[in-house]
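For reference, the structure is listed below as structure tokens.
Nothing here was measured: the structure is a model prediction, and the numbers come from that model. As a basis for the values below, the full set of heavy atoms in this structure was taken, side chains included, without hydrogen atoms, waters or symmetry mates.
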Amino acid sequence: MPLPTGNTAWPPPHLGPALDAMHTWDAWWSGDPDRLEQLYGGSTGGGPDPKRLQYAGGVVGRIARWWWGTPTAPGERRTKMHVPIAGDLCGGSADLLFSEPPKFTVDHDSTQDRLDELVDDGMLATLQTAAEVGAALGGVYLRPVYDQDVADRPWIVAEHADRALPEFTWGRLSAVTFWKVVRTEDSQVWRWLERHERGVVMHGLYQGTKDNLGRPVPLEDSEATAPFAPLVNDEGAIETGYDGLDVVYIPNQSSRRWRCAPALKDFGRSDLDGVEPLMDALDETYSSWMRDIRLGKGRIVVPESYLQSQGPGRGASWNPDQEAFAGVNMLARGDGMSLTVAQFAIRVNEHRDTAEDLVNQILRSAGYSGQTFGLGGDAAVTATEITARERRSMTTRGRKILRWRPALAQLVEALLAVDQHVFGGSLVPQRPTVEFEDSVQEDPLTLANTADVLRRAQAASTDTLVRMAHPEWDDTMVAGEVVRIRQEQGMAVEDPMQAGLLP
């Protein structure tokens, strides 16, 4: 299928529900209170009357009745607080997956050497960012790119799901079109469309309006697309050097809300899906807590006779450290001459218990354990105890790995194919084996004690013990350490009986 001919609604209308949901998740993930007020109608800056919207019906009224949709009273400063737990959720998801780099192995030696160079060139940082974006927006796209003026090798970039038009065949990505707004002038909008199909990438530039794609224009009309003009063929395509699709889509989790929508059922689900009301209640709880603190500040109410005039038009003041007050009529007794101390109670325990319960409910609904995010203490425990406490997080991590592993294998194969097609070399593009490292590390003292018990029981060799203590080492490092241990223990001396030195 070629690029659109133009004069069509953009983004396509069938993507509307998904883009609206991603816009909501993105607002929570960003942690910006201004965006949340604008999203739920709590801002009074230039829009419709938010108070009236709260009495409206339908989707508008339902959104406006959220706590973030409550408007700030005229003349008062905004006192709403936002707890960025959405960012913690998405960041924690990325840490569970890629706190350590995955291991890619192929059968060809020169290909493995080149693959190690490509992986070391910032791939882990890209995967961590992509995992966080995917956890927030419900999915993420990854693809290889190259620029011979920038580097002598290709690398991986992440494309966000709210700027992509995917096409699925039996649940698998078969084509995708990415778009970017490269220029805006008056009411005109220039969009760069990049369509990926098997073996080719097609580029197109369109001049339209805010909600219409408009007409195709030459790639030279924009600085962003001009470099591709001499590279595309008559159909506006560039060969990738890879027989398959060079883009992979990793859904975060299986979709719930769009399972019956044919065009959206293959989209992923955000970690924030369904917990928005809980996050709204958490913000309300913390804002109420801070309100108690503001109201609980100690205040002293004094009679007017205690005030000292600062001059005409300058008001009056009272010095609480002054020992003698001149001009005070001491004969006049009564409540009018007494000092009144105002000190409201701060409901710390009530707010803290409510906030902790909401946080635990948010984490549980998102599929994580509280211990993953530092709840429950920092006492030293074994890896087995950590895994038991974080069982729900480990289960969620395992479900996500099932989607990431095959996608990364295809992505690395495409990366190697693009590398050979553009930069040459003796590598052989092939699909690697992907291994995810254990995200829970055993305590070094526990490992040492275990290794000592196994050695005294003669139940493990030196090679096995070294691999147990250093699971991140490769075979060369393990072999070198084994040799050094044997030399220090005097075990490296050759046996005369084995060497044939004795008769």
Open item on the list: Using modelled atom types and a 3.5 Å cut-off, is there a donor and acceptor pairing between side-chain atoms of R191 and backbone atoms of T209?
Closed with: yes

Open item on the list: Here's a test for you: under side-chain contact (heavy atoms from CB on, under 4.5 Å), which of L411, D121, V119 qualifies with I156?
Closed with: L411

Open item on the list: Has S255 got a side-chain atom pairing as donor or acceptor with G268's backbone, closer than 3.5 angstrom?
Closed with: no

- [ ] Of all the heavy-atom pairs spanning N252 and R269, show the shortest one and how long it is.
- [x] ND2-O, 2.9 Å

Task: Side-chain heavy atoms of D266 within contact of P166, under 4.5 Å - done: no

Task: Distance (rounded to the nearest 0.5 Å) between E37 CD and T70 OG1 - done: 9.5 Å

TODO: Tell me, with the steps shown, if L415 and F104 meet side-chain contact (heavy atoms from CB on, under 4.5 Å).
DONE: CA-CA 12 Å; L415 179 67; F104 303 96; over 6 Å; no

Task: Heavy-atom closest pair, residues R403 and R399 - done: NH1-O, 3.2 Å

Open item on the list: For a side-chain contact (heavy atoms from CB on, under 4.5 Å) check, start with the C-alpha distance between T126 and W155, then their side-chain angles and the critical distance, and finish with the verdict.
Closed with: CA-CA 9 Å; T126 302; W155 64 92; over 6 Å; no

Open item on the list: Donor-acceptor check, side chain of E276 to backbone of W28, threshold 3.5 angstrom: yes or no?
Closed with: no

Open item on the list: Just so I know, are the side chains of L127 and L408 near enough to count as touching, which here means a heavy-atom distance under 4.5 Å?
Closed with: yes

TODO: Could you tell me whether the side chain of W404 reaches within less than 4.5 Å of the side chain of V248, counting heavy atoms only?
DONE: no

- [ ] Evaluate whether atom CZ of F373 has more than 12 neighbouring non-hydrogen atoms of other residues, nucleotides or ligands under 6.0 angstrom away.
- [x] yes

- [ ] Give the intermediate values and the outcome of side-chain contact (heavy atoms from CB on, under 4.5 Å) for residues K400 and D271.
- [x] CA-CA 11 Å; K400 293 188 177 185; D271 283 347; 2.9 Å; yes

TODO: List the steps, then state whether side chain to side chain donor-acceptor pair (under 3.5 Å) holds for T225 with H203.
DONE: CA-CA 8 Å; T225 57; H203 297 268; over 6 Å; no

Task: Taking every non-hydrogen atom, the tightest pair across G87 and W29 - done: CA-CD1, 3.9 Å

Task: Note: D273-R256 ion pair, threshold 4.0 Å (strictly below) - done: no

Open item on the list: Donor-acceptor pair, distance only, cut-off 3.5 Å: does the side chain of R153 make one with the backbone of L118?
Closed with: no

- [ ] Find out whether H23 and L39 are in side-chain contact, i.e. whether some heavy atom of one side chain is under 4.5 Å from a heavy atom of the other.
- [x] yes

- [ ] Indicate the atoms forming the closest heavy-atom contact of H14 with L264, along with that distance.
- [x] O-CD2, 3.7 Å

TODO: For the pair T8 (side chain) and L213 (backbone), establish whether a donor and an acceptor sit closer than 3.5 Å, ignoring hydrogens and angles.
DONE: no

Task: Expected output: side-chain S287 to main-chain M81 donor-acceptor under 3.5 Å - done: yes

Open item on the list: What's the separation between atom CD1 in I362 and atom CE in M279, rounded to the nearest 0.5 Å?
Closed with: 6.5 Å

Open item on the list: Between D280 (side chain only) and W68 (backbone N and O only), is there a donor and an acceptor less than 3.5 Å apart?
Closed with: yes

Task: Interatomic spacing from CG in D95 to SG in C90 - rounded to 0.5 Å - done: 11.5 Å

Task: Euclidean distance, D292 CG relative to H351 NE2, rounded to 0.5 Å - done: 4.5 Å

Open item on the list: Can a donor-acceptor pair be found, under 3.5 Å and without considering hydrogens, that links the side chain of R195 to the backbone of A175?
Closed with: no

TODO: Measure the shortest side-chain to side-chain distance between T79 and R294 over non-hydrogen atoms and say whether it is less than 4.5 angstrom.
DONE: yes

TODO: Count the heavy atoms belonging to other residues, nucleotides or ligands that lie under 6.0 Å from CZ of R35, then report whether that count exceeds 12.
DONE: yes

Open item on the list: Can a donor-acceptor pair be found, under 3.5 Å and without considering hydrogens, that links the side chain of S93 to the backbone of A135?
Closed with: no

TODO: Carefully, step by step, assess Q361 and S365 under the rule side chain to side chain donor-acceptor pair (under 3.5 Å).
DONE: CA-CA 6 Å; Q361 182 61 47; S365 299; 3.0 Å; yes

- [ ] Please assess K80 against L36 for the test side-chain contact (heavy atoms from CB on, under 4.5 Å), listing each intermediate value before the final yes or no.
- [x] CA-CA 11 Å; K80 295 179 180 179; L36 289 172; over 6 Å; no

TODO: Hey, can you tell me if W192 and F228 have their rings parallel, tilted or perpendicular (30° and 60° cut-offs)?
DONE: tilted

Open item on the list: Could you check whether any side-chain N or O of N212 sits under 3.5 Å from a backbone N or O of G214, counting only pairs where one atom can act as donor and the other as acceptor?
Closed with: yes

- [ ] Mind checking the CZ-CZ spacing from R291 to R347? Nearest 0.5 Å is all I need.
- [x] 8.0 Å

Open item on the list: Listing request: all salt bridge (Lys or Arg N to Asp or Glu O under 4.0 Å) pairs with a residue in residues 135-144, at least two apart in sequence or in separate chains.
Closed with: R143-E159, R143-E194

TODO: For the pair F98 and F436, name the ring-plane relationship: parallel under 30°, tilted 30 to 60°, perpendicular over 60°.
DONE: tilted

Open item on the list: Testing the basics here: between L19 and D162, what is the closest heavy-atom pair and its distance to 0.1 Å?
Closed with: CD2-O, 3.8 Å

Open item on the list: Counting C-beta onward and ignoring hydrogens, is there a side-chain heavy-atom pair between V275 and I85 closer than 4.5 Å?
Closed with: no

Open item on the list: In terms of relative ring orientation, are Y249 and Y141 parallel, tilted or perpendicular, with 30° and 60° separating the classes?
Closed with: tilted

Open item on the list: Is any side-chain heavy atom of Q128 closer than 4.5 Å to one of L124?
Closed with: yes

TODO: Quick one: pull up CG in L15 and CG in D20 and give me the separation to the nearest 0.5 Å.
DONE: 10.5 Å

Open item on the list: For a 4.5 angstrom cut-off between non-hydrogen side-chain atoms, does W190 reach S222?
Closed with: no

Task: Minimum-distance pair of heavy atoms, taken over all atoms of L97 and A131 - done: CD1-CB, 4.2 Å

